[in-house]
Enquirer: 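Below is the structure I would like to discuss, written out as structure tokens.
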Protein chains: 2
Amino acid sequence: MSRERLLAALAEAGRKHGNTTVMFHTAVSARMGLGMTEEKTLDLLRRLGPLAAGEIAEHSGLTPASVSGLIDRLERKGFVRRTRDTEDRRRVIVEIRHDGIAGFGALFEDLVRGLEELYATYTDEQLELILDFLRRSAEVQRAATAGLG
Amino acid sequence: MSRERLLAALAEAGRKHGNTTVMFHTAVSARMGLGMTEEKTLDLLRRLGPLAAGEIAEHSGLTPASVSGLIDRLERKGFVRRTRDTEDRRRVIVEIRHDGIAGFGALFEDLVRGLEELYATYTDEQLELILDFLRRSAEVQRAATAGLG
DNA sequence: TCTCACATTTCGTTAGGCCGAACTAAATAA
DNA sequence: TTATTTAGTTCGGCCTAACGAAATGTGAGA
């Protein structure tokens, strides 16, 4: 395959790959009964650990009032727990209830298994190449997203 | 790096890559002033070509009433055009207005340029490997999504 | 103690997007 | 022609998730 064709094929494959990623993500959220904001918040908590309500407001750009409602919804669905900060009892700490999201791990089973099978077909060198590509490509996407802010 | 570590790193990198993909996608939609449904509809029209309102209803699972409003919004934003079917004048054909979407191509510029630069650092053989990986990995995601239906 | 500042919640409102029911217009059957 | 079905639209109502303003409870300094 000529390099030109190769690059064209990569553009197309990348587009499709992105599409399936978004679709999978959307399907998972729907199954968990989560809205966009709720899911983004869970992701925040996964990455940064327990946060105060105000910190969630900062990270998400929502007003404090909206965050209250957001936490209510997540709590009602069993995904997070509210705790009073013992240091500063005005603050409310929000933490993920791992027991609440555990049941949904099954949603990822097919994906995880499929990817494991896929990875199994590559040599270590090839996997290193793929790993590097994924990291650098994620960085490109991150930068492009920031450029849209 | 041991294969075990390699696989763990891939799982993590894959997760992050998926995240950045979704975030980029979300940011683009926001910039275009599109809701989730509107965007899904545009994607439908891109993939399947012009569709009748009723066909959009079938594909999206929305009621005809909702589709009417949906088309109104897309039309008002300049992304689609309504046409009467000349065969069956009850039917309304919805088609993408490429001139309406063209202005937003710039949103992808950074991403496209970044990926081109990234691809430029690989040999043809390496790109073939990446292409194959993207295709197979997209298929895994597609299958996993279908499994959630 | 008495403010005053701060973190969060509550309340009332608004905008978006969906639905069902009733409607118009066009095609089709009797 | 007339009755029925089909395709979309309009209307009114509802729900979700956001917001601003005011209330609540807590901390901290004079």
Side-chain angles (χ1 to χ4, degrees), chain A residues 25-27 29-45 48-96, chain B residues 22 26-45 48-97:
Chain A
H25 197 264
T26 305
S29 296
R31 271 298 192 91
M32 295 180 72
L34 289 179
M36 179 113 99
T37 312
E38 287 155 16
E39 206 199 328
K40 238 181 102 177
T41 304
L42 282 185
D43 186 56
L44 265 181
L45 295 171
L48 307 179
L51 295 175
E55 293 173 316
I56 293 178
E58 282 172 31
H59 281 101
S60 64
L62 296 174
T63 60
S66 307
V67 172
S68 259
L70 169 61
I71 300 173
D72 285 348
R73 300 196 301 273
L74 283 173
E75 201 170 35
R76 209 177 315 125
K77 292 171 187 169
F79 295 126
V80 305
R81 180 187 358 258
R82 267 189 174 90
T83 339
R84 281 279 159 197
D85 187 338
T86 49
E87 301 284 316
D88 179 344
R89 299 184 24 76
R90 290 170 304 181
R91 286 158 48 96
V92 165
I93 305 296
V94 182
E95 63 181 338
I96 288 196
Chain B
V22 172
T26 305
V28 168
S29 296
R31 269 303 192 89
M32 295 180 73
L34 289 179
M36 179 107 102
T37 312
E38 287 155 17
E39 207 200 325
K40 239 180 99 178
T41 304
L42 282 185
D43 186 54
L44 265 183
L45 295 172
L48 308 179
L51 295 175
E55 294 173 316
I56 293 178
E58 282 173 32
H59 281 100
S60 64
L62 297 173
T63 61
S66 305
V67 172
S68 261
L70 168 61
I71 301 173
D72 285 348
R73 301 196 300 274
L74 283 173
E75 201 170 34
R76 209 178 313 125
K77 291 171 188 171
F79 296 127
V80 305
R81 179 185 359 256
R82 266 189 175 92
T83 341
R84 282 279 160 194
D85 186 338
T86 48
E87 302 281 316
D88 180 342
R89 299 183 23 74
R90 289 169 307 178
R91 284 158 52 94
V92 165
I93 305 296
V94 181
E95 62 180 340
I96 289 195
R97 283 184 52 185

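Quick note on labels: first sequence line is chain A, next is B, and so on, each numbered from 1.
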Enquirer: Only counting residues at least two apart or in another chain, list the ones meeting salt bridge (Lys or Arg N to Asp or Glu O under 4.0 Å) with Arg84(A).
Expert: none
Enquirer: In chain order, what residues pass the side-chain hydrogen bond (donor to acceptor under 3.5 Å, both in side chains) check against Ser68(A), with sequence neighbours excluded?
Expert: none
Enquirer: Sugar-phosphate atoms are those with a prime plus P, OP1 and OP2; base atoms are the rest. Using that split, label each nucleotide of nucleotides 24-30 of chain D B, S or - for protein heavy atoms under 4.0 Å, 5' to 3'.
Expert: -BBS---
Enquirer: Between dA17(D) atom C1' and Ile71(A) atom CD1, what is the distance in whole Å?
Expert: 14 Å
Enquirer: Taking the side chain as everything from C-beta on, heavy atoms only, tell me whether Met32(B) gets closer than 4.5 Å to Glu38(B).
Expert: no
Enquirer: Identify, with sequence neighbours excluded, every residue that meets salt bridge (Lys or Arg N to Asp or Glu O under 4.0 Å) alongside Arg31(B).
Expert: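 Residues passing salt bridge (Lys or Arg N to Asp or Glu O under 4.0 Å) with Arg31(B): none at all.
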Enquirer: By nearest heavy atom, map Ile93(B) and Gly35(A) onto DNA chain D; which one lands nearer the 5' end?
Expert: Ile93(B)
Enquirer: Expressed as a whole number of angstroms, how long is the span from Arg76(A):CZ to dC15(D):P?
Expert: 14 Å
Enquirer: Among Leu34(A), Val94(A), Leu45(A), Thr41(A), which residue satisfies the side chain to side chain contact (heavy atoms under 4.5 Å, CB included) criterion with Phe79(A)?
Expert: Leu34(A)
Enquirer: Going 5' to 3' along DNA chain C, between which two nucleotides do contacts with chain B fall, using a heavy-atom cut-off of 4.0 Å?
Expert: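 With heavy atoms of chain B under 4.0 Å away, the range is dG17(C) to dA27(C).
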Enquirer: Can you tell me how far the NE2 atom of His25(A) sits from the CE atom of Met36(A), to the nearest 0.5 Å?
Expert: 9.5 Å
Enquirer: Report, one line per pair, each donor and acceptor closer than 3.5 Å where one atom sits in a side chain of residues 48-61 of chain B; sequence neighbours left out.
Expert:
unit_1, atom_1, unit_2, atom_2, d
Glu55(B), OE1, Ala52(B), N, 2.7
His59(B), ND1, Glu55(B), O, 3.0
Ser60(B), OG, Ile56(B), O, 2.7
Ser60(B), OG, Ala57(B), O, 3.4
Ser60(B), OG, Leu62(B), N, 3.3

Enquirer: Let me know the distance between CG of Leu70(A) and C1' of dC19(D), rounded to the nearest Å.
Expert: 14 Å
Enquirer: What contact category does Glu55(B) fall into here, base, sugar-phosphate, or nothing, at under 4.0 angstrom with non-hydrogen atoms?
Expert: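 No contact at all - Glu55(B) keeps every heavy atom at 4.0 Å or more from the nucleic acid.
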Enquirer: Side-chain N or O of Thr37(A) less than 4.0 angstrom from OP1 or OP2 on dA18(D)?
Expert: yes
Enquirer: Looking at every strand, decide which applies to Gly54(B) at a 4.0 Å heavy-atom threshold: base, sugar-phosphate, or nothing.
Expert: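 If one applies the 4.0 Å heavy-atom cut-off, Gly54(B) turns out to touch the sugar-phosphate alone, with no base involved.
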Enquirer: 5'-most contact on DNA chain D: Thr63(A) or Val92(B), nearest heavy atom basis?
Expert: Val92(B)
Enquirer: Using a cut-off of 4.0 Å on non-hydrogen atoms, how would the nucleic acid contact of Ala65(B) be classed: base, sugar-phosphate, or nothing?
Expert: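 Base contact.
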Enquirer: Do you know the tightest heavy-atom contact between Ile71(B) and Val80(B)?
Expert: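 For Ile71(B) and Val80(B), the tightest heavy-atom pair comes out as O-CG2, 4.3 Å.
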Enquirer: How far does CZ of Arg91(B) sit from OG1 of Thr83(B), to the nearest 0.5 angstrom?
Expert: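 Answer rounded to 0.5 Å: 11.5 Å.
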Enquirer: Which whole-number value in Å describes the distance from Glu75(B) CD to dG8(D) P?
Expert: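 Going from Glu75(B) (CD) to dG8(D) (P), I get 14 Å.
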Enquirer: Need one value for Leu62(A): base, sugar-phosphate or nothing, where a base atom within 4.0 Å counts as base even if backbone is also close, heavy atoms only.
Expert: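 Touches sugar-phosphate only.
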